[in-house]
There are 2 protein chains.
Amino acid sequence: MRYKTGYKEQRRKELLHISGQIAKKNGFAATGIDAFMKASGVTSGAFYSHFSSKNDLFKALLENELQNSIQMWQDNPFEDAEQWIEFELNRYLSLSHVERPAYGCVLPALASEVARSDLQLKQTYQAELMRGQQIFKHHLGSEEKAWAVLCQLIGAIIMARSIADENLKQTILTSSKALILSCLETVA
Amino acid sequence: MRYKTGYKEQRRKELLHISGQIAKKNGFAATGIDAFMKASGVTSGAFYSHFSSKNDLFKALLENELQNSIQMWQDNPFEDAEQWIEFELNRYLSLSHVERPAYGCVLPALASEVARSDLQLKQTYQAELMRGQQIFKHHLGSEEKAWAVLCQLIGAIIMARSIADENLKQTILTSSKALILSCLETVA
DNA sequence: GTCTATAGGCTGATAGAC
DNA sequence: GTCTATCAGCCTATAGAC
């Protein structure tokens, strides 16, 4: 029984990982259960032995993805405030992040769908998000700056993704980075 | 014939107006043609005498909504840079804007769906968006600041809309406003 | 221009064989 | 746990009456 439980949990993590990539790329609501499962090599019938409903998948997938993003922020190798944020801006505000949503942060990809979901899901989402915000607070020095910088990051990625011209995408990323840096300098 | 054309154009504008509100609130892809038309008091059969497809509606609706947002930025009564941006921040970064997406700016509501649409639609969207950005540039003094502030605005609204706690929503809005103001002061 | 009716496809979810 | 088969509902789009 222990053995079976371990297998199931591992399988569930695989399903969350693959489904997360597809949801970030194509949207969660826009993707059918069939498509999620096909990408994992199983049929839609198997889905319900892992999740009770599509909304249940959304909740689990969001938690998993948020934990991934938080992990990346924690793995930033710098402790010095200036270096930490510089590293994070370069990683987050990159053209590669804009063009490969499947492998990027969940926030710019699915925040709009969270905004239209029920209160219970928002509460789960908020709890995880606040853990991420605490990391930014630790390095930026204030609660407010942490929120504002997070907003700038996701706003820039969403904006750049909705733009057609490649050069303009880069301008938007560079402009956002410059604004954050110029603001943080005022207290350095 | 002139008469009939005028009627049809007016009707089309009404359809765009109502459909825009619903799309901003519930999402465009998530809403069926039937629901869009029912809100306007007609059936889905009538839809195709105004638009050639659902995607055609999306394009027209985006243009219309972007023009509305641009109009509001143009109608800002202040010319002085500091007053102009102060007015815009208070209007845009308000709890009422967060909680009533149907009557708010199209950018935070539908940018994620634009990000997943085809190149042609992104080009139309980009062209209108650049007109809006020019207004911000005129008052903020630089291309880059205009983009960065726009990113901050839409990021803050999206973030606040995905949060459960009312107080935290307000904290996010206030933090974003503070970041923008502190950044613009450095060159004032 | 709008209506009703309908085609054809996709969706979330369930039942039963293995 | 996964499969196939299936249901009931919704979707976009079209056809024909008025």
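Reminder, nothing fancy here: chain letters follow the sequence lines and each chain counts from 1. Side-chain atoms are counted along with the backbone in the values below, which use heavy atoms only and exclude waters and symmetry mates. Remember, predicted model here, so these are calculated numbers, not experimental data.
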A/I33, nearest nucleotide to its side chain (from D/dA13, C/dA13, D/dT2)
C/dA13
Tell me what B/S40 touches on the nucleic acid: a base, only sugar-phosphate, or nothing, going by heavy atoms under 4.0 Å.
nothing
Ring centres of B/W73 and B/F87 under 6.0 Å apart?
no
How would you list all residue pairs meeting side chain to side chain donor-acceptor pair (under 3.5 Å) that involve residues 149-169 of chain B, not counting sequence neighbours?
B/Q152-B/S176
Short side-chain N/O contact from B/T43 to OP1 or OP2 of C/dT2, under 4.0 Å
no
Which part of the nucleic acid, if any, lies within contact of B/G32, taking any heavy atom under 4.0 Å across all strands shown: a base, the sugar-phosphate backbone alone, or nothing?
sugar-phosphate
Would a 4.5 Å heavy-atom cut-off, applied to side chains only, mark B/Y103 and B/K24 as touching?
no
Just to be sure I understand the rule, does B/S52 reach a base, reach only the sugar-phosphate, or reach nothing, if contact means heavy atoms closer than 4.0 Å?
nothing
Separation of C/dT14 atom P from A/D56 atom CG, nearest Å, is 12 Å
Residue-phosphate contact under 4.0 Å: A/Y48 side-chain N/O, D/dC3 OP1/OP2:
no
Taking only side-chain nitrogens and oxygens of B/K54, does any of them come within less than 4.0 Å of OP1 or OP2 of D/dC11?
no
Given atom CZ of A/F36 and atom C1' of C/dA13, what is their separation to the nearest angstrom?
16 Å
Does the cation-pi check pass for A/K54 over A/F47, that is, NZ or CZ under 6.0 Å from the six-membered ring centre and within 45° of its axis?
no
Whole-Å distance between D/dA13 P and B/L57 CG?
10 Å
5′-ward residue of the pair B/S44/A/S44 relative to DNA chain C
B/S44
